[in-house]
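For reference, the structure is listed below as structure tokens.
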Amino acid sequence: MILEIVSPEATLFSGEVTSVSVPGINGEFQMLNNHAAVVSILQKGNVKISAASFNIDKNNEAKFTKVNDQTYWLAIQSGTIEMNNNKVIVLAD
């Protein structure tokens, strides 16, 4: 599935991922390939991204925490998420 993470300043990440976990207002939840459509508000926490490989722009690399070669985390203060047709869009502050 495709993930885009957008902040007010820039697009922080755009690429193919295997899973995304986000801090929803009612708790953390995960989306995998072919997940049902969802829209949710996000709270302070980490967006956890898993992928076979990552191509993070050098200008944004410092915003991410590398857990291992297949997992990165991005700390957010708040945001919204939409998943539809195997595309996830995170609008993050």
Side-chain angles (χ1 to χ4, degrees):
M1 68 185 163
I2 301 296
L3 170 65
E4 287 186 6
I5 302 176
V6 181
S7 75
E9 297 84 28
T11 298
L12 301 178
F13 179 84
S14 182
E16 183 81 21
V17 299
T18 54
S19 73
V20 180
S21 295
V22 294
I25 58 171
N26 294 320
E28 183 173 316
F29 63 96
Q30 180 182 44
M31 288 159 289
L32 301 170
N33 201 28
N34 296 314
H35 193 282
V38 64
V39 175
S40 181
I41 297 172
L42 303 177
Q43 64 182 359
K44 183 176 181 176
N46 290 311
V47 176
K48 300 171 184 175
I49 310 160
S50 295
S53 64
F54 284 89
N55 186 13
I56 298 173
D57 186 278
K58 297 291 182 198
N59 297 328
N60 299 319
E61 198 169 35
K63 296 178 176 156
F64 291 83
T65 301
K66 182 178 180 179
V67 176
N68 58 47
D69 287 342
Q70 286 82 37
T71 307
Y72 278 78
W73 289 8
L74 173 68
I76 63 168
Q77 296 301 311
S78 65
T80 59
I81 186 166
E82 178 186 10
M83 165 87 177
N84 195 17
N85 295 324
N86 262 355
K87 184 172 184 179
V88 180
I89 301 173
V90 175
L91 304 176
D93 287 330

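For the single chain, residues carry numbers from 1 onward in sequence order. Hydrogens, waters and symmetry mates play no part in the numbers below; they use all other heavy atoms, side chains included.
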[atom2] on [Y] to [atom1] on [X], rounded to 0.5 Å:
{"X": "Asn34", "Y": "Met83", "atom1": "CG", "atom2": "CE", "answer": "7.0 Å"}
{"X": "Asn84", "Y": "Glu82", "atom1": "CG", "atom2": "CD", "answer": "5.5 Å"}
{"X": "Ser7", "Y": "Ile76", "atom1": "OG", "atom2": "CD1", "answer": "11.5 Å"}
{"X": "Ile49", "Y": "Thr65", "atom1": "CD1", "atom2": "OG1", "answer": "10.5 Å"}
{"X": "Ser40", "Y": "Ile81", "atom1": "OG", "atom2": "CD1", "answer": "7.5 Å"}
{"X": "His35", "Y": "Phe29", "atom1": "NE2", "atom2": "CZ", "answer": "7.0 Å"}

With a 4.5 Å heavy-atom cut-off, do Val90 and Phe13 have their side chains touching? no
How about Ile2: does its CD1 atom have over 12 heavy atoms from other parts shown lying under 6.0 Å from it? yes
Which atom names give the shortest non-hydrogen contact between [X] and [Y], and what distance separates them?
{"X": "Ala92", "Y": "Pro8", "value": "O-CD, 3.3 Å"}
{"X": "Thr71", "Y": "Phe54", "value": "N-CE1, 3.8 Å"}
{"X": "Ala75", "Y": "Asn46", "value": "CA-OD1, 3.4 Å"}
{"X": "Ser14", "Y": "Glu4", "value": "OG-CG, 3.6 Å"}

Taking a hydrophobic cluster as the set of Ile, Leu, Val, Met, Phe, Trp and Tyr residues connected by side-chain heavy atoms closer than 4.5 Å, whether directly or through intermediates, do [X] and [Y] fall within one such cluster?
{"X": "Val20", "Y": "Ile89", "answer": "no"}
{"X": "Phe64", "Y": "Val88", "answer": "yes"}
{"X": "Leu42", "Y": "Met1", "answer": "yes"}
{"X": "Met31", "Y": "Leu91", "answer": "no"}
{"X": "Ile56", "Y": "Val47", "answer": "yes"}

State whether the side chain of [X] and the backbone N or O of [Y] hold a donor-acceptor pair below 3.5 Å, judged by distance alone.
{"X": "Gln77", "Y": "Lys44", "result": "no"}
{"X": "Asn85", "Y": "Lys87", "result": "no"}
{"X": "Thr18", "Y": "Ser50", "result": "yes"}

Evaluate Asn33 against Asn86 for side-chain contact (heavy atoms from CB on, under 4.5 Å), listing each step before the verdict. CA-CA 6 Å; Asn33 201 28; Asn86 262 355; 2.7 Å; yes
